[in-house]
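Right, one structure below, let's go through it.
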There are 2 protein chains.
Amino acid sequence: MTTKTHTERALITLRQRIVSGAYAGGQRLFEVALAEDLNISRTPVRAALSKLAEEGLLDRMKSGGFAVRKFDLRDVTDTIELRGVLEGTAARLAAEMGADPEILAQADDAISQIDKVLSGKTVDMSKYSKYNSIFHDCLARACGSRVLARELTRVTTLPFASPSAFLDDESRATQLLRNLIVANEQHRAILNAIANRQSARAEALTREHARAALQNVEFLTKNEAALREGSAPLAIVSA
Amino acid sequence: MTTKTHTERALITLRQRIVSGAYAGGQRLFEVALAEDLNISRTPVRAALSKLAEEGLLDRMKSGGFAVRKFDLRDVTDTIELRGVLEGTAARLAAEMGADPEILAQADDAISQIDKVLSGKTVDMSKYSKYNSIFHDCLARACGSRVLARELTRVTTLPFASPSAFLDDESRATQLLRNLIVANEQHRAILNAIANRQSARAEALTREHARAALQNVEFLTKNEAALREGSAPLAIVSA
DNA sequence: GATTGACCAAATGTATACATCAATGCAATG
DNA sequence: CATTGCATTGATGTATACATTTGGTCAATC
């Protein structure tokens, strides 16, 4: 098996099913049914469901039990906006309080690595995604706030809210490179603002950077079902 | 008993103990010990611990099990700042998108009720607290964002981050009335900004309003242990 | 026809025995 | 004396039987 405990395996399996849209939003998940399905007892199923609720993928029902959380388009845009607000706050605080130079150096390196990835003939998306994640992780840590970092982690757990959520969009291959180049320039500007203690600028730039994801959502939803269904991050979204 | 299930009672008991500082921050909570203590089996204890982790009062340990989340002063100020940011965002969105008139009316009523409470000879703090909560609840709902309302609920679950957290501070009875009067004028200004679709103003005012709580924290911590230990919202805070 | 109440089925709540894992200490051994 | 390795302890992980609650159906009654 991939991991040690039944709970962990159930968690991974169920999470995968949920984010891939295998369960309809609002659908209730029953312990017994899942236990039979996964060939384990109810106990690890409950444990997994509980953790998924903690991740925000399930809702607890008033009478007990769990249901798949329902996301509509408004929820998606709100969550991305929320990520922007939180990352923007992180950037602002980092600028105000002065960030750990080591973290800034790491962020700077991530930007350089992304430059390198984008300068090649073909773009290695997994590498881009990796360094993009590193940059955003630096942002979360740069303000030195455990609280803020924690909430950012929470929010970006949702499949469509991750900074790397829409990077696999192949329906616009030509535009993608442009977007990534622009995005990395935003990274540079954000880092520059933080390093120069320009807090308002850092916050505004970071919010704007998050809004790029909103454009992706907008594009995917305006171009109807075919595209949207092919987009993994939006598979969980209902209407 | 107060409630139906053992889980719920355990949840309430443990939550109370945690926020009152009965357990040291970082202290691990063992299922067996708690089960014996509460005279129930491990199963409802686990369920309660899991929910407390969801509330952010416990941390899950990598190796399994739970520990009481440790809050220092920085965490407190960051969380209050975070609440300000989220409420500010709610106010901004409400102003931008136009809030439900019914909610605005309810918020307006809450402000009037607070006026009435403050105009009497003695201030009924439980009433103030009630209408203050109603106002802030309206704020969370006014933007029509389930996502944002949910996160606000999460954040304000922490004892020191609630909008009504420091209202029981009796060490400054004379200053308290002044503060509450100012706070309600802020309420009025926020509502006015939202109603007039002044989004930037609404956001700024709301952030500033939250910072009032920061002043309370500052006061309580500058005046040393005696006061701080008498302050329920800060009982959970370590250093 | 609407309302009430009894019943039943299905789901969660609970207790508990047992399995497993991790840390610890101690003893045998090099 | 250091090191290995086994036994012990104490913790979470798991299965499962049973209790309780809930939601719905259906029929009796007004």
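Everything numeric in this text was worked out from a predicted model, so none of it was measured.
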(message) Between P on D/dA19 and NE2 on B/His6, what's the gap in Å once rounded to a whole number?
(response) 14 Å
(request) Rounded to the nearest angstrom, tell me the gap between atom CE in A/Met61 and atom P in C/dT12. (result) 10 Å
(message) Any carboxylate oxygen within less than 4.0 angstrom of a Lys/Arg side-chain nitrogen, looking at B/Glu96 and B/Arg92?
(response) yes
(request) By nearest nucleotide on DNA chain D, pick out whichever of A/Thr5 and B/Thr5 is the more 5' one. (result) A/Thr5
(request) Figure out the NZ/P separation between B/Lys4 and C/dT14, and round it to whole Å. (result) 11 Å
(message) Could you tell me how far apart A/Phe66 (CZ) and C/dT12 (P) are, to the nearest whole angstrom?
(response) 9 Å
(request) Could you tell me whether B/Asp37 and B/Arg17 make a salt bridge, using a distance below 4.0 angstrom between a side-chain N and a carboxylate O? (result) yes
(request) Looking only at non-hydrogen atoms, find the nearest pair between B/Asp75 and B/Phe160 and report the distance. (result) O-CE1, 4.4 Å
(request) Would you jot down, in residue-number order, the residues of residues 26-49 of chain B having a non-hydrogen atom under 4.0 Å from DNA chain D? (result) B/Arg28, B/Leu29, B/Phe30, B/Glu31, B/Arg42, B/Arg46
(request) Considering only NZ, NE, NH1 and NH2 on the basic side and carboxylate oxygens on the acidic side, decide whether A/Glu87 and A/Arg207 come within less than 4.0 Å. (result) no
(request) Starting from C1' on D/dT14, measure out to CD on A/Glu8 and report it in whole angstrom. (result) 15 Å
(request) Test B/Arg83 against B/Ser162 for side chain to side chain donor-acceptor pair (under 3.5 Å), laying out the working first. (result) CA-CA 8 Å; B/Arg83 170 167 70 84; B/Ser162 151; over 6 Å; no
(message) Is the shortest side-chain heavy-atom distance between A/Phe66 and A/Asp59 below 4.5 Å?
(response) no
(request) Could you tell me the separation between the CG atom of A/Leu11 and the P atom of D/dG13, rounded to a whole number of Å? (result) 12 Å
